Amino acid sequence: MNRKILTTLAVIASLLAAAPLAGAKPFRWASQGEIPTWDPHSQNNALSNGIHAGVYEALVYYNSKFEVEPMLAERWEQRSPTHLRLHLRQGVKFHDGASFGADDVVFSIGRARDPASNFTVYTQGIDRVAKVDDHTVDIFTAGPNPVLLRQLTEVRMMSKAWAEKNNAARPMDMKTKAENFAHRNANGTGPFMLKEWAPDVRTVLVRNPAWWGRMQGNVTEMTYTPIKADATRVAALLSGEVDFVLDPTPQDLPRLKQNANLKVLEGTENRTIFFGMDQFRDELSGASVKGKNPLKDVRVRKALYQAIDIDAIHRRIMRGLSEPTGSIIAPQVYGWTEESHRRFPHDVDAAKQLLVQAGYPEGFELTMDCPNNRYINDEEICQSVVAMWARIGVKARLRTQPMATYFPMIQRMEASVYMLGWGVPTFDALYSLQSLVRSRTGGADGNYNVGRFSNPEIDKVIDRIKVETDELIRRRLIAQALVMHAEDVGHLPLHNQVIPWAMKKNVSAVHRADNRVDLRSVRIDD
């Protein structure tokens, strides 16, 4: 075994030996997806970000009301509109025993800004980061940034010395197959330490007895198991094999609610499910139309939109656990408006007429790519939309993949039509507008605009949103950008997810709009 891995395991073993065994509370949970990597600045994925948060901490974080609270930075001050000073918490140790300090902050933010990182959207606007002393850091922005602190909730701190020693100074590029040491190993400051990661089998975290904070819950060990099959996942909960299921299917909820040994918590997630489209290539890959790309025509995009019977998806597939929308952000997100929320009506005849006007009276063929283990009933939704599009003559060949291979594929921009669910960790519309709508520049702008939608007029509005600090003006600009995007049919919005959590009666957890299990607050009662 690699000597570095042995060293890490030895540190964990020694800490476990020192930890009291009395009252140990293991927590076993499951969902359909898997963590793609343990590199905290590589793949911006909600499931892995939530699990990583137990191991790697940020400078600031959210409380249960999604208000920014101190984490590794115990206080801060805005010294000017472009200058934020952070005072770091002292006495914090990484899991390998090294002290946390300013050098690690400068390194980690720089690492998150690396072109290979998927986290550049959380560092947008940062011009430079400077060490003042061992426990003080200055962040300078190119212009005013009204959401900088909210962005920093997702920039996790790494040990500069550990990363450089193990040739992991740069984040792993998920678009390639080249691994770094941080892909399979972790060294954070958080309340839990990575004990084992067997991809597609299990992840095991153990309590960090040297953590600086106070635990509200009583979990001492966490085992996460990815279980793709819906029936198997529910069976594991019913049999007691797991204590908690993050994503029970809507069709299973009635019997779970009737089980006296279980309980179900429900709430709306700040995640919108939609389809993106390749609007860049001059010839659409895999399509029957040659020499042109029909998805560049707004009439075609609107036809695909109006062919989708969202109410049927809401009733039959989601069993009522969805909120149909015409927006790319959910109501909990700052800047949401009722106007952008309104959908174009479902109208098959109007959709057919739009295709005729665009020069495709007989329709055409294309490919559609979807994940099959990421969102609630994702594959079933895609199958349903394939049938709906067939009614207007658009024949979609559906390809589904597990999320571990699906997301790198769409980031390589290989999909013609793709499904994506976009949560908003900052709870601010800029996160979605900049990531999904802004024209790609190679940095934070358009970092998940993998269909390469581009509208220069919308770009101008988004760029103003980045630096506008007047709340009334900023809200107006966000509303304008959302409506412009909806009218241009940049994406095909479907719904906001309503997320049920199912668990044993003796499990207590705080249901969160970001669908994140905060291990610090999970309790297991006797």
Side-chain angles (χ1 to χ4, degrees), residues 43-45 118 120-121 174-175 271-287 289 292-308 325-329 340 344 354 358 360 364-371 374-375 378 381-382 385-386 389 394 396-401 403 405-424 431-459 462 481-482 484-494:
Q43 180 67 49
N44 183 19
N45 170 283
N118 265 193
T120 53
V121 68
M174 291 298 292
K175 297 186 290 296
R271 179 178 306 280
T272 303
I273 309 296
F274 56 85
F275 289 110
M277 299 158 285
D278 180 349
Q279 299 169 60
F280 178 78
R281 289 183 175 87
D282 291 329
E283 180 175 301
L284 194 62
S285 177
V289 179
K292 61 194 313 187
N293 180 350
L295 298 179
K296 286 189 173 187
D297 192 319
V298 67
R299 294 169 296 187
V300 172
R301 301 197 297 271
K302 189 173 181 181
L304 296 176
Y305 188 135
Q306 294 199 260
I308 297 174
T325 185
S327 180
I328 57 167
I329 61 171
S340 67
F344 291 120
L354 284 167
Y360 305 100
F364 54 89
E365 297 179 6
L366 48 63
T367 58
M368 173 196 285
D369 287 283
C370 291
R374 178 61 190 100
Y375 312 115
D378 44 15
I381 293 170
C382 292
V385 171
V386 166
W389 284 354
V394 175
R397 297 183 300 276
L398 178 61
R399 303 183 300 193
T400 65
Q401 299 179 56
M403 59 184 286
T405 54
Y406 176 77
F407 286 106
M409 180 275 297
I410 65 171
Q411 286 184 280
R412 293 192 298 268
M413 291 170 282
E414 296 175 0
S416 296
V417 176
Y418 58 92
M419 172 183 272
L420 191 59
W422 198 250
V424 186
Y431 179 80
S432 297
L433 290 169
Q434 183 174 19
S435 298
L436 304 172
V437 179
R438 180 63 167 80
S439 299
R440 288 178 68 93
T441 62
D445 289 339
N447 72 319
Y448 244 97
N449 183 357
V450 294
R452 289 179 280 188
F453 167 82
S454 183
N455 183 318
E457 295 306 311
I458 300 179
D459 290 347
I462 295 174
L482 289 171
M484 291 172 71
H485 172 260
E487 291 175 346
D488 208 10
V489 196
H491 296 82
L492 309 178
L494 297 176

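For the numbers below, each heavy atom of this structure counts, side chains included, while hydrogens, waters and symmetry mates do not. Since the model is a prediction, treat every value here as computed from it, not as a measurement.
- Looking at K296, its side chain does come within 3.5 Å of a backbone N or O of F280 through a donor-acceptor pair.
- Just one of V417, I308, L398 meets the side-chain contact (heavy atoms from CB on, under 4.5 Å) condition when paired with V385; it is I308.
- With R271 contributing its side chain and G421 its backbone, the two residues share a donor-acceptor pair below 3.5 Å.
- Taking each heavy atom of A486 and F344 in turn, the nearest pair found is O-CE1, 3.6 Å.
- Scanning all heavy atoms of the two residues, the minimum distance from D445 to Q434 falls at OD1-NE2, 2.8 Å.
- Atom-to-atom distance recorded for L420:CG and Y375:OH is 4.5 Å, nearest 0.5 angstrom.
- Nearest approach of N455 to S439, heavy atoms of both residues: N-OG, 4.0 Å.
- In this structure, Y360 and V289 have side chains that are in contact, with non-hydrogen atoms separated by less than 4.5 Å.
- Atom OG of residue S327 and atom NE2 of residue H491 lie 11.5 Å apart, to the nearest 0.5 angstrom.
- For the atom pair CG of D488 and NZ of K302, the computed distance is 11.5 Å after rounding to the nearest 0.5 Å.
- The shortest non-hydrogen separation linking F274 to P493 is CB-CA, 3.7 Å.
- Taking both residues in full, the closest heavy atoms of D459 and V437 are given as OD1-O, 4.3 Å, listed atom of the first, atom of the second, then distance.
- The backbone N or O of G490 sits nowhere less than 3.5 Å from a side-chain atom of R301 that would complete a donor-acceptor pair.
- The shortest distance between side-chain heavy atoms of L492 and Y305 falls below 4.5 Å.
- In this structure, the separation between OG1 on T400 and CE on M368 is 11.5 Å, given to the nearest 0.5 Å.
- For A415, the side chain to side chain contact (heavy atoms under 4.5 Å, CB included) partners two or more places apart in sequence, or in a different chain, are D369, M409, I410, Y418.
- Note that the CZ atom of R374 and the CD1 atom of I273 stand 8.0 Å from one another [nearest 0.5 Å].
- Scored by the ring-ring contact (aromatic ring centres under 6.0 Å, His included) test, F453 finds H485 as partners (sequence neighbours excluded).
- With hydrogens and angles disregarded, no donor-acceptor distance shorter than 3.5 Å links the side chain of R299 to the backbone of L354.
- Summarising the geometry of Q411 relative to V450, their closest heavy-atom pair is CA-CG1, 3.9 Å, with the distance given to 0.1 Å.
- Side-chain contact check for L433 versus I458: every heavy-atom pair is 4.5 Å or farther apart.
- With hydrogens and angles ignored, the 3.5 Å screen pairs a side-chain donor or acceptor of W389 with a backbone N or O of L304.
- By the 4.5 Å heavy-atom criterion applied to side chains, M419 and P371 are counted as neighbours.
- Of the inter-residue distances, the one linking M403 atom CE with C370 atom SG reads 14.5 Å to the nearest 0.5 angstrom.
- The aromatic rings of Y448 and F407 sit perpendicular to each other, their planes meeting at more than 60°, with 30° as the lower class boundary.
- In terms of modelled atom types and a separation under 3.5 Å, the side chain of S416 and the main chain of T367 share no donor-acceptor contact.
- Evaluation of the side-chain hydrogen bond (donor to acceptor under 3.5 Å, both in side chains) rule for D278 yields R281 as partners, not counting sequence neighbours.
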